[in-house]
Amino acid sequence: MKKYIGILLTVFIASLLTSCSDWLTLAPEDGVTRQEFWQTKEQVNSAVIGCYASLLDGPVEKMFLWGELRADMVENGVSPINNYTEVIDGEISTSNSVLYWGDFYTTINNCNTVLKFAPTVRDIDGTFTEKQLKEYEAEALTLRAMMYFYLVRSFRDVPLVLQASVSDNQDFSIPKTSGAIILDSLVNDLKIAAANAPISYPTTAENKSRITSWTAKTLLADIYLWQENYAQCNNLCQEIIGSGKFSLIPVEKLPVEISEGGVIIDTVTVPNESDADNMFIQSYVLGNSIESIFEIPFSSLKNNPFYSMLGPNLNKLRPKLDIVDGLIFPVALYSVAPDATDIRGSGCSYRAGVVWKYVGTSRTGAVRSSIQYTSPWIVYKYSDVLLMKAEALNQIGLQNSGETVQTYYSQAVDLLTEVRNARNAVKTSDYKFTADNIDGKSLENAILDERAREFAYEGKRWFDVLRYAKRGNYADNNIQYLVRLAINSASPQKQQSLIAKYNDPKRNSHYWPIYYKELETNKQLKQNEFYAQ
Amino acid sequence: MKKNNNIIFFLVFVSLLMTFSAMAQSKIIIRGKVISNTDKQPLIGVSVAEYDKNHRILNGVVTDIDGNFTLKISGGIGSVITFSYISYKTTTKTVGNSAVINISLEDATQEIKGVVVTARSQVNTGFANIAERDLSYAVSKIDTKELEGLQVASIDEALQGRMSGVDIVANSGEPGAGMSIRIRGTTSINNGSDPLIVVDGIPYDTNIGSDFDFATADEENYAQLLNISPSDIQEITVLKDAAATALYGNRGGNGVLLIKTKRGTISKPMVNYTFKGSLNTPAVPIQTLSGDQYTSLILEEAVNSGSPLSTISYPQFMYDPINPYYYYNYGQNTDWYGALSKNGYTQDHSISISGGGDKAQYRTSLGYYDQTGTVIGQSYSRLTASLNLDYNVSDKLKFQVNISYTHGDQDKNYTTDLLNTAYTTMPNQSIYEYNTLGEMTPNYFSPVTTPQGYWSSASNKGIYNPVAMANTGYWKVKSERIMPKFNIQYWIVPEILKYQGDLAFDINTSKDNRFLPQIATGRLWPENSVNRSTDLASESFIVQTYNKLIYTPKLNENNYIMGLLQFSSYDARNASFQEVSSLSASNYLQDPSMPSNIIGSGLGLNSGSSEARSLSLLAMMQYKFMDRYIFTGSMRRDGDSKYNDQNRYGYFPSASVRWRISGEPFMKKVKVVDDFSFRASTGMSGNPVNKNYLYYNTYGTYDWTYLGQQGVYSTGLQLSNLRWEKVTDLNIGGNLIMFKNRLNIDFNWYKKRTNDLYFPTVNISSSSGYNSISSNVGTMDNNGWELSINTTPIKTKDLSIDFNFTFARSENQIMALSDNIPLLSTPTAANGLYLTSIKVGNPLGSFYGYRYKGVYLNESQTVAKDVNGNPIYTYDSNGKKEAVQMKFWYPTVGYEFQPGDAKYEDINHDGNINSQDIVYLGNMNPLLTGGFGPTIRWKNKLSLTAYFYFRYGGKVINQTRMDMESMYGFNNQTTSVLRRWRHAYEDETTAPTDLLPRALLAKGYNWLGSDRYVEDGSFLRFRSLTLTYNFDKKLVNKFSVSDLRLWATMQNIYIWTNYTGMDPEITLRSGISSLGYDTSRSGRPSDFSIGLSVSF
């Protein structure tokens, strides 16, 4: 009896001691772990594509909202939502989900992950060259810089995270870094990226939707402009223009003479409708136009976020026609030539009460069906480089004195004119620049107005106006640029309080408050001054 | 797999051991004749068998037509031959020198006279039946006799409120919805607080692994019913404290529900048939606005918000007879709820055969359950079959086989929120479309968009025609479940050392077919929501093994020891495959494999699989001295594949003691006390996390491509700090049984602490690239007591009355929480949100908000007032004195309150309603729960059972009311909004007392989270009333029926409550942030059923 017990117990216990832990180690069958990934250069490529793919799911929507909602070109549509209404009225509470910045940090983390693990693949995959690695790193660095540039322009000071998030052993409570310091580090990253990124890819689509050296340089020029480093901005823009890679889509124009009482008093031009339509289709329907420097493509697998936001039936936002139609885009000067108008206005930026760029299938065609929302999101295009250079030259001129000033101004006017001519901008009496006596301040205004037309609904308006207002630390009554925006954008009963808020630049009301959930999860964060109660 | 080999090896080893006793010897042949001792006639078919000393059959024959037999026996002289025959007394004879044995068997029916039952009630604790009086644990037990006649699909519904400390709540009133069960409160914030269910000793998985929920389904969709036919259940026991759950370790951390199914007994074949049929009537709906009332509300909303509706943009509110299309399609007074609801019917048939002889017992049953819901398109039917077989090979060896099969067929609506949508759909909209001439057509009226919105192809949610959806859309779930279980028991040393092995399989497959017809949403070609069909196949395969050694040495009379060593393993695999396609050519082409579109967001093929394993080793010892002092101790080591190497194993000890005071000599004189004892136990158990592979940093691909290429990204952080959630339990209790079992009191006090509280979504700073991770974050306590009293106040020959009460109180408190969880979330300025924070020192489910003070009746009331009630003034730019308006969240929001707006209490009198005016409003936890009810029996013929159950205390957020009184959008509202503010009341006394704020389209702050919607959730429910009639045995025996019983039951008869919503009984299953919110809009249907049970 005792023998039996002894044998049984021995067997019993022996069976327990053998490799239980092996039996309990299970790896996921339908996913891949980090240890299994990062083996080949193809995997690195997939991870880099992952960085881009993440842009489609949130950042683009925020790029639009952050650039337009507080500006003067949109208003509540047929189905207003409270979060947007509050921002438009300047009643921004910290629980407004428009403020959520996590989408940008998701892309940043994807980039950080590539930057951390791609170099380790060099040790494993012998066919993965140093040059390829540098190119992939340049793409990740540029994308990350782009995300941070959006964050800095919107919040000014944000946590600067440059490490990949891998495990729960890391500390994720990162305090804010001053926006100026972040921009400096972006400049350094982008210099490296501009040197290493590919000059071009095999296909046009990749040239426009993957980071090239030109993308890095354009972004860097934009950052220099924000930093008010006009000389560097000017140089970089010159480099991009000089590359000859990009140009404005030509539009044929027919002159129409305007006579009054038999006397020809003026000549206006009417754009060729099919050329104008071509510009619209190349830029906003097909994508990958010759003008484009970097754009984010959408497809039937992933539509852009504009159906429910801007679509004709239930739009949450629509063009603020009282400002856009007539003020930003002047009407035709002469009733006898009603078609002598800007090709970027009605039929392009807006039509039928909606933001047409993302809704229409052509200038005069039908609206898109709900699954056809595949317009690309244009981040940078050639005209941006031209106008950035114009702005830089204008500012250099304003900062200098003496005879050289006019040469800066006239170069800037040339660039401005290049854009205006290509788009058949309406020549109003507001800004007339004679060859030898250009007023720098008028030119400054003219460039801002031109940017409103050129980049209508491309998520740039608010940032442009803020850049103007904060120039020289809100010197020279620059704040009036914001005040003008407030007058244009807010509903009448909210105007005064909004102007009061904007007139208080020291209290940081020009930047977003931090979303309340971020403050809860990160004790190191402090609410932006104006919104801290 | 290596471990499985070990187990197989072990089983083989055991079976080898058993062959030792099977040794052959020389043969002798015995002949004879068997007759009956009453009529001296030969008996046909009598079993004549030779047994060895372990009572194992060596040889056996049956008697022929003349009662003769010839048996070749293996043993020599002295072997034992047994003669057995049903309804005759089994007789044994010893083989002597004679080769002939004639015998007359005694009729056993004459013997059953005045049997004295000395057996004591035993409790199924999962591994061995221990006499209830010897338990040192907290248990509650219920015999299903008490439940007979209740019309329920599953047994958990019937248990509601009948056991102290067990809180069972229906997730919703819709048919087919599961129940959530809590034993002694919520122990885990979100890691599933449902108890483990053990059927015949083997844990039973109640739902599909959470890894496999596709985005389209929530937990409730997949919650399966306990697919056991109530008539197959013999007994249910609940193990509550940690010492009791020590046996089931980690998986039993939330308590264990042990279910024992009926088995065959030694008897003639018994056939039993049971029928139940019932009528379910839908609950009285919420009263909503008619189309005309609705239209005037919407127009008023728009005007109040400052932008009157243009009937060009909104022809739905034009009411222009010149435009018949809009006039008729949007000029109706449609009762959407009435168009969807109907009476439901249920039938339940169950037939079983049981019986057996000395060697083998069997019970087999077949059941059919069929329910049609109270909403169009909802039904549930189930077929169950089971076989329980016991075979006694010998006194030493016994085995059991249980096989059960369930086929379930559930029809649901494509959307789960059909009734909710019915309440909110525009009532002026028509069900069927009118053409441009104003003539009604047979087509459903499903516009592409309505002012309420549209059906979104991207999220697969939105606005639809509810009647079209109910009739033409569907979600069918077909499931098959097979559970074979094998059990072997072998006495290695008779009466002292027993080996018991269990091997159980659970094979579960289910198939979901869903179809979204275009005619319900009105969406246009070629969107992904047009004729969208889904086919999801999922399967799970579970293998469990248990190997036990039970040691019960024979000591002297006063000392009793039992030891148990158990090794168990668990392996579960899940796999699923889904196909979603859209744009099939017609509403009638509904299979996704037909030519259709699979490219697009949410469409295409999808699959997943995962595996989880666990191992545990348990040692347990019970020692009893003098029947007065009982000690039990156990130690277990659990390993789980969900943790990394460092945190994989947990050690969980437990100890308990029972002192039977009534057994002490000084208590012997107190005759009225049958049993009086004191119990104490403490122990620890572990809760594993509910997801696999969390300790890996995994990579996945995006659902879309970029430039035609797939992008890979890191889908989650590597959670290397994840560890066991540990529940430590201290239980002190007592039992008192008096007056010959006529008073039975059971009391327990407990303190239960959960350490390393697991939280599946701990928010982390999104600058990490992630929003949340799973983590062990804190400590939570559940303290409380339970009392159950069973009394028999009247017991005479003809009449007996039982009265049972259960009461329980459970208090929940968060003791500590990591810094990563906001102690108190930042207050928000958004409508409809409460601060439901987790705060140290407060219970889970506390809510905070503003205090509602009615409505600003006129302009002068909107002026801000200071502490003394005097208006606050300021000076404008011209130096003119002006009154300050009450503001909301100045300066960030700065909204100025207008007459007709909701008025909130300005707690700090600063003229500004903001975060400083948010106060504690209550919590959802009830103070007391329980149930009570009498059973009256008369002459063993008639019995009447009533049952009441209640929850007292505990607040409920009536979110349904919040949503349906908000007057903020285009949703239909309740009729209470007819009392809304419509003009200023300069004379405040003329204002009605129950005035609601004004209607405001997408503006204002009239429905902030405030005490306006926080209601008392106490209720007393008259749960059931059953009348049973047993026919006289003598009467029915004439029709060869041994037993006939009829009953009638009413359920959900009445509820006493002050709650204004549909039902204060709200689900406990919801996530931590939605605890206490009542979103239900369909009340519990009341049922009337009749039943019949007949045995042959």
Side-chain angles (χ1 to χ4, degrees), chain A residues 1 4-5 11 15-16 19-20 23-24 26 28-34 37 46-47 49-50 52-54 56 78 80 82 91-93 95 102 105-106 108-110 113 159 161 165-169 172-174 205-206 209 300-302 313-314 370-371 497 516-522 531, chain B residues 2-3 6 10 13 313 449 453-454 457 492-493 497 527-528 567 599-600 608-609 611 613 615 617 639 641 648 693 696-700 702 704-707 709-714 717-721 763-771 773 822 825-826 828-830 889 892-894 1002:
Chain A
M1 177 183 106
Y4 286 163
I5 299 172
V11 170
S15 69
L16 303 178
S19 57
C20 289
W23 196 70
L24 291 177
L26 294 171
E29 291 166 14
D30 52 356
V32 57
T33 61
R34 188 186 68 236
F37 199 74
S46 303
I49 293 295
Y52 290 108
S54 63
L56 274 53
V78 182
N82 210 32
E91 297 176 349
I92 305 167
S93 78
S95 54
Y105 278 106
T106 301
I108 288 170
N109 185 47
N110 287 357
T113 306
V161 182
S165 301
V166 174
S167 123
D168 61 353
N169 286 322
F172 298 119
S173 294
I174 315 258
E206 284 174 299
S209 299
S300 58
L301 280 176
K302 183 72 182 173
N313 291 320
L314 288 154
S370 78
I371 58 160
S497 67
Y516 76 106
K517 282 194 177 164
E518 304 303 327
L519 295 167
E520 285 173 2
T521 51
N522 183 351
Y531 299 92
Chain B
K2 200 168 179 182
K3 187 48 52 192
N6 282 334
F10 188 50
F13 179 82
S313 303
T449 58
Y454 60 96
S457 290
I492 299 164
V493 182
L497 182 66
E527 289 183 22
N528 291 339
F567 174 71
I599 308 290
S609 66
E611 185 168 12
R613 284 173 175 165
L615 284 178
L617 179 63
S641 65
R648 182 162 291 160
Y693 315 127
Y696 288 105
N697 184 192
T698 49
Y699 283 58
Y702 283 103
W704 54 88
T705 58
Y706 191 85
L707 298 175
Q709 299 185 56
Q710 284 292 346
V712 172
Y713 70 110
S714 162
L717 292 171
Q718 168 185 322
L719 303 180
S720 27
N721 293 324
N763 290 333
I764 59 169
S765 172
S766 73
S767 60
S768 65
Y770 301 94
N771 284 322
I773 58 170
S825 56
T826 308
T828 70
W889 281 69
T892 52
V893 175

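Order of the sequence lines sets the chain letters (A, B, ...), proteins ahead of strands, with each chain counted from 1.
The contact between A/Leu26 and chain B is made by backbone and side chain atoms together, counting heavy-atom distances below 4.5 Å. Contacts between B/Asn771 and chain A at a heavy-atom distance below 4.5 Å involve the side chain alone, from C-beta outward. With a threshold of 4.5 angstrom between heavy atoms, A/Pro159 approaches chain B through side-chain atoms but not through N, CA, C or O. Both the backbone and the side chain of A/Val166 come within contact range of chain B, judged by heavy atoms closer than 4.5 Å. For B/Tyr699, the parts lying under 4.5 angstrom from a heavy atom of chain A are both the backbone and the side chain. Using a 4.5 Å cut-off between heavy atoms, B/Glu527 contacts chain A through both its backbone and its side chain. Of the two parts of A/Phe37, only the side chain, counted from C-beta on, holds a non-hydrogen atom closer than 4.5 Å to a non-hydrogen atom of chain B. Contact of B/Tyr454 with chain A is made through backbone and side chain together, with heavy-atom distances under 4.5 Å. Within the 4.5 angstrom heavy-atom criterion, no atom of A/Ser497 approaches chain B.
Contact tally against chain B (heavy-atom pairs below 4.5 Å) for A/Ser167, A/Gly102, A/Ala47: the top residue is A/Ser167. For chain B, the option among A/Ser300, A/Pro80, A/Gly50 with the highest count of heavy-atom pairs below 4.5 Å is A/Gly50. Put simply, of B/Asn721, B/Thr705, B/Asn528, the one with the most heavy-atom pairs under 4.5 Å next to chain A is B/Asn721.
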For a side-chain contact (heavy atoms from CB on, under 4.5 Å) check, start with the C-alpha distance between B/Ser766 and A/Glu518, then their side-chain angles and the critical distance, and finish with the verdict. CA-CA 7 Å; B/Ser766 73; A/Glu518 304 303 327; 2.8 Å; yes
What verdict does the side chain to side chain donor-acceptor pair (under 3.5 Å) test give for B/Tyr693 and A/Thr33, after you've listed the backbone C-alpha separation in whole Å, the side-chain angles of each residue and the deciding distance to 0.1 Å? CA-CA 10 Å; B/Tyr693 315 127; A/Thr33 61; over 6 Å; no
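Taking both residues in full, the closest heavy atoms of B/Ser720 and A/Asn169 are given as OG-ND2, 3.2 Å, listed atom of the first, atom of the second, then distance.
With sequence neighbours excluded, the residues satisfying side-chain contact (heavy atoms from CB on, under 4.5 Å) with B/Tyr713 are A/Asn110, B/Tyr702, B/Thr715.
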